[in-house]
Amino acid sequence: MNIERLIFTITINALKELYNFEASEDQIQIQNTRKDFEGDLTLVVFPFLRFSKKSPEKTGEEIGAYLEKNIEIIESFNVIKGFLNFVISKKYWLDILNEAFVNDDFGLVKENENSDLVMVEYSSPNTNKPLHLGHIRNNLLGYSISEILKANGKRVVKTNIVNDRGIHICKSMFAWQKWGKGKTPENSGIKGDHLVGEFYVEFDKHFRVEVAELVASGMAKEEAENQAPSIIAARELLLKWEAKDKGTIDLWEKMNAWVYKGFDVTYKKLGVDFDKIYYESDTYLIGKEEVLRGVNEGFFYKEKDSSVWADLTSDGLDKKILLRNDGTSVYITQDIGTAKMRFADYPIDKMVYVVGNEQNYHFQVLSVLLDKLGYDWGKGLHHFSYGMVELPSGKMKSREGKVVDADDLIEEMVDVARKMSTELGKLDTFSEVEAEKVYRMIALGALKYFILKVDPKKNMLFNPEESIDFNGNTGAFVQYTYTRIKSVLRKAADKNITVHNGTDVDSISIKEKDLVKRISLFPAILIEAGDNYSPAILANYCYELAKEYNQFYHDHFILIEPEPEKRNFRLVLSATVGKLVKKGMSLLGVEMPERM
RNA sequence: GCCCCGGUAGCUCAGCUGGAUAGAGCAACGGCCUUCUAAGCCGUAGGUCACGGGUUCGAGUCCCUUCCGGGGUACCA
């Protein structure tokens, strides 16, 4: 039984016996004792004063005495104001450490036949432009939350819906036809997704000139945006595409193939992957069918102009268009089709969509629509809504080319890592190939940690002028701590010092106990990170653990410690921290180098 | 206009779902390498938790007003 549960239970007994009060668990607050006070765990006694009718100090003393008598591992207690602090016995902490040390799955929940199957959709790129920093956040969050859910015993299917059709790709296609002069990734040496992105920007450039001209000639802006020759041409392409026009389909396939090849490179660099990929071009027709079924069954209705709508006002939402008046599908149409396809493919218990918070409303609507269409899983879908990445100048805009490109950013990070590492002379004995591997680990680790340590729900700021740090609260800090630990363990092995379990020492220092306490929190942190869909909770834990290890490392000898059992204890501590930090960071998608 | 989210140190972020004197990192200043990796450790300085009210033993945390920022808002995705 874990210590907190034990205190809960015995406190309930104490309140009954001392004050004849039947408490429930949620009236009892247990927290970690603040560092400035003596003790490990603290019970807040204020809520009990109404029943004890005594001072906070007196009440604390009485409950404290009761618990001390009835719980063996409580060594002593003290009361300060309304706070009852317990000192937990050394044995308890040593037991936890030994458990964490020997159990390679410490804190992890194993999946079984009854485990929920969770499908996590993330990435979901459009095929008209390369990935940028906003997509990086999405990809890292999606990958990490998938791993965290697995660590919580869920069966996870990582999925990607590629938005490979629609007006956006037609814009790039039209621009390429018109101004491309046969440019290809092969003959230009430009990565495919970047090349297609160039034409998307090219399209917008011409489009805006055309709109400006029309406005200058007296047309209203809104109409001009509808009448510009470029947009008309792009729309024609979309209609031809939907009509399966051979030439259009060929061009579409060619350009998308360029993009996929480019995306694969970026995904690989980022270390993210998918178990199943869906394409909008395969799902949007199913979406249409579902919408029409909805019309037939009376959930949706057709306007005079033959556009199709859902009236969601009784659900507290607005009316929502589902098919345009020309019969083409809108964004949400394909989401309906994709959902149907997925639930046919997998026995999904829970669907998680990793999509930015600008689409909060969209998912509210989708949930209701799916429910109306008779899917009972519609109501339970989870929109993992994350904040935007902003630049100092504001929101990123692909069309204006105002973005931090994913590939560029990664390569810049690697350059900085290489430079820094060379200056410090850390990897002088490494081969070039080996060193390059480590630079990439450090660069990616810094980038991933930088993004994942922030609460996903919040917007975050990225300043391209200041490169991401390798000192302080960073990925490199945690990696560095790990390499220190590995170094100590290597040296122990060199000296034929074996690290054995069942460690027992006469006394442990404050720093040592702090570390064990932090270790003991690992299982709860994993659960919390999973329940809250928050890699940030785990990232910050890894930092705290590493930070406390560095303090310990600074203040204590490990290998040099003459007393064998003490030395062993510290080696066990070190190995355990190393293991947890590696595990924790791996759930964030961060790799750990052995040396740096 | 209406709806949602946010505002914590100069900057970037934590703050365990209402508990003790609000914490880190960066930037600034000072100290620590003949002992296991100094990408580290220690210290100094830095705060009206946007503003004003309320709820209570106790509020950065919950409620309301106002201000500021971001997002959404029926044929963009």
Side-chain angles (χ1 to χ4, degrees), chain A residues 29 31-34 36-37 42 44 46-47 49-50 56 80-83 85 124 126 128 163 166-168 280 303 305 307-312 316-326 328-332 334 356-362 364-365 385 387-388 390 394-395 417 420-421 423-424 426 442 446 450 453-455 457-463 466 469-481 483-492 495 521 524-525 528 532 536-537 539-540 543-544 546-547 550-551 553-561 570-571 574 595-596:
Chain A
Q29 297 176 57
Q31 52 192 277
N32 297 313
T33 306
R34 290 184 62 121
D36 342 293
F37 302 94
T42 294
V44 185
F46 289 110
L49 302 184
R50 291 157 53 204
I80 296 169
K81 294 201 259 176
F83 299 93
N85 304 317
S124 311
N126 289 345
N128 61 330
N163 300 118
I167 192 71
H168 54 86
E280 188 187 338
E303 274 290 352
D305 68 356
S307 56
V308 175
W309 296 77
D311 184 351
L312 306 177
L317 302 168
D318 284 329
K319 291 176 182 169
K320 180 77 186 172
I321 188 158
L322 303 177
L323 289 177
R324 292 192 187 92
N325 59 14
D326 63 2
T328 55
S329 62
V330 295
Y331 183 50
I332 203 157
Q334 63 90 7
N357 63 12
E358 56 203 350
Q359 292 186 36
N360 286 354
Y361 183 72
H362 173 86
Q364 262 180 289
V365 171
S385 163
M388 292 181 308
E390 288 168 351
K395 198 182 172 182
M420 178 110 173
S421 199
E423 270 170 21
L424 292 168
K426 291 282 189 180
I442 295 170
F450 178 83
K453 77 169 174 176
V454 180
D455 182 345
K457 290 197 289 292
K458 294 189 179 171
N459 288 356
M460 64 180 292
L461 186 107
F462 177 80
N463 187 348
E466 306 163 9
D469 231 308
F470 296 110
N471 297 312
N473 186 356
T474 65
F477 177 95
V478 182
Q479 288 171 324
Y480 176 70
T481 308
T483 58
R484 272 184 150 178
I485 290 169
K486 294 307 272 189
S487 177
V488 171
L489 296 176
R490 271 196 306 272
K491 292 205 158 111
K495 293 184 178 180
L521 295 176
I525 289 289
E528 200 188 337
N532 292 296
I537 289 171
N540 286 306
Y543 171 67
E544 295 292 337
K547 187 176 151 76
N550 279 323
Q551 293 168 344
Y553 181 93
H554 183 266
D555 292 353
H556 298 77
F557 293 132
I558 302 171
L559 289 173
I560 306 159
E561 167 60 42
R570 289 175 186 163
L571 283 166
S574 300
R595 300 169 208 257
M596 66 186 272

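Across all strands shown, the partner of rC41(B) is rG31(B), judged by Watson-Crick or G-U wobble contacts whose two distances both fall under 3.5 Å. In a base pair of the Watson-Crick type (N1 to N3 plus N6-O4 or O6-N4) or a G-U wobble (N1-O2 and O6-N3), with each distance short of 3.5 Å, rA9(B) is matched with no nucleotide.
Atom pair Glu390(A):CD and rG71(B):P shows a separation of 7 Å (rounding to whole Å applied). Between Asp455(A) atom CG and rG23(B) atom C1' the separation is 16 Å, expressed in whole Å. Put simply, CD on Glu544(A) is 9 Å from P on rA24(B), counting in whole angstrom units. The CG atom of Asn473(A) sits 11 Å away from the P atom of rG40(B) (whole-angstrom rounding). Taking atom OH on Tyr331(A) and atom C1' on rC76(B), their separation rounds to 11 Å, with Å as the unit. Between Lys426(A) atom NZ and rU37(B) atom C1' the separation is 5 Å, expressed in whole Å.
Note on Lys486(A): every side-chain N or O is 4.0 Å or more away from OP1 and OP2 of rU37(B). Here Arg324(A) reaches the OP1 or OP2 of rA77(B): one of its side-chain N or O atoms lies under 4.0 Å away. The phosphate of rU73(B) (OP1 or OP2) has no side-chain N or O of Lys319(A) nearer than 4.0 angstrom. Look at Ser307(A) and you won't find any side-chain N or O under 4.0 angstrom from OP1 or OP2 of rC75(B). Using a 4.0 Å cut-off, no side-chain N or O of Lys320(A) falls inside it from OP1 or OP2 of rG72(B). Between Arg34(A) and rA22(B), a side-chain N or O to OP1/OP2 separation shorter than 4.0 Å is absent.
Across all strands, Val454(A) comes closer than 4.0 Å only to sugar-phosphate atoms, never to a base (heavy-atom distances). Here Thr328(A) lies out of heavy-atom contact (under 4.0 Å) with every strand. Within 4.0 Å (heavy atoms only), Gln359(A) reaches at least one base atom of the nucleic acid. Contact annotation for Asp305(A): base contact, defined as any heavy-atom pair under 4.0 Å involving a base atom. At a threshold of 4.0 angstrom between heavy atoms, the contacts of Lys547(A) are confined to the sugar-phosphate backbone, with no base atom among them. In this structure, Asn85(A) reaches the bases: a heavy-atom distance under 4.0 Å links it to at least one base atom across the strands shown. Among the protein residues, Phe450(A) comes within range of no part of the nucleic acid, since none of its heavy atoms lies under 4.0 Å from any strand. At a threshold of 4.0 angstrom between heavy atoms, the contacts of Pro47(A) include nucleobase atoms, whether or not backbone atoms are also involved. Residue Tyr361(A) is classed as a sugar-phosphate contact, given heavy-atom separations below 4.0 Å to backbone atoms only. Within the nucleic acid shown, Ile558(A) comes within 4.0 Å of at least one base atom, counting heavy atoms only. Among the heavy atoms of the strands lying under 4.0 Å from Phe477(A) are primed sugar atoms or P, OP1, OP2 only; no base atom is included. Within 4.0 Å of Asn459(A), counting heavy atoms only, lie sugar-phosphate atoms of the nucleic acid but no base atom. At a threshold of 4.0 angstrom between heavy atoms, the contacts of Asn532(A) include nucleobase atoms, whether or not backbone atoms are also involved. Residue contacts for Ser385(A): at a heavy-atom cut-off of 4.0 Å it reaches no nucleic acid atom on any strand shown.
Across rG60(B) and rA20(B), the matching P atoms stand 9 Å from one another, rounded to whole Å. The P atoms of rG47(B) and rG23(B) are separated by 14 Å, rounded to the nearest whole Å. Spacing between rA59(B) and rU55(B) at atom P, rounded to whole Å, works out to 12 Å. Here the separation of rG52(B) from rU48(B), taken at their C1' atoms, is 12 Å to the nearest Å. Nucleotides rC36(B) and rC49(B), compared at atom P, are 46 Å apart to the nearest Å.
If you check distances only, the side chain of Thr474(A) never reaches the base of rA39(B) with a donor-acceptor pair under 3.5 Å. Side chain Asn471(A) to base rA38(B): no donor-acceptor pair is found below 3.5 Å. With hydrogens and angles ignored, a donor-acceptor pair under 3.5 angstrom links the side chain of Ser421(A) to the base of rA39(B). In terms of polar N and O atoms assigned as donor or acceptor, the side chain of Gln29(A) comes within less than 3.5 Å of the base of rG19(B) in a complementary pairing.
Closest non-hydrogen pair, Lys320(A) versus Val365(A), comes out as CG-CG1, 3.8 Å. For the pair Pro47(A) and Gln29(A), the tightest heavy-atom approach, listed with the atom from each and the gap, is CG-NE2, 4.0 Å.
Summarising the geometry, atom OG1 belonging to Thr483(A) is positioned 7.5 Å from atom NZ belonging to Lys426(A); distances are rounded to the nearest 0.5 Å. Between atom CD1 of residue Ile321(A) and atom CD1 of residue Ile332(A) there is a gap of 11.5 Å, rounded to the nearest 0.5 Å.
Aromatic stacking of Phe46(A) on rG58(B): not satisfied for centres closer than 5.5 Å together with planes under 30 degrees. By the stacking rule of 5.5 Å between ring centres and under 30° between planes, Tyr553(A) does not stack on the base of rG40(B). In this structure, Tyr480(A) forms no aromatic stack with the base of rG40(B), since the conditions of centre separation below 5.5 Å and plane angle below 30° are not both met.
In this pair, Tyr331(A) and His362(A) present their aromatic rings tilted. The plane angle is within the 30 to 60° band. Relative ring orientation between Phe477(A) and Tyr543(A) is described as tilted, the plane-to-plane angle lying within the 30° to 60° band.
Under the 3.5 Å distance criterion, with hydrogens and angles disregarded, no donor-acceptor pair is assigned to the side chains of Thr474(A) and Asp469(A).
Using a cut-off of 4.0 Å between Lys/Arg side-chain N and Asp/Glu carboxylate O, Arg34(A) and Asp36(A) are scored as salt-bridged.
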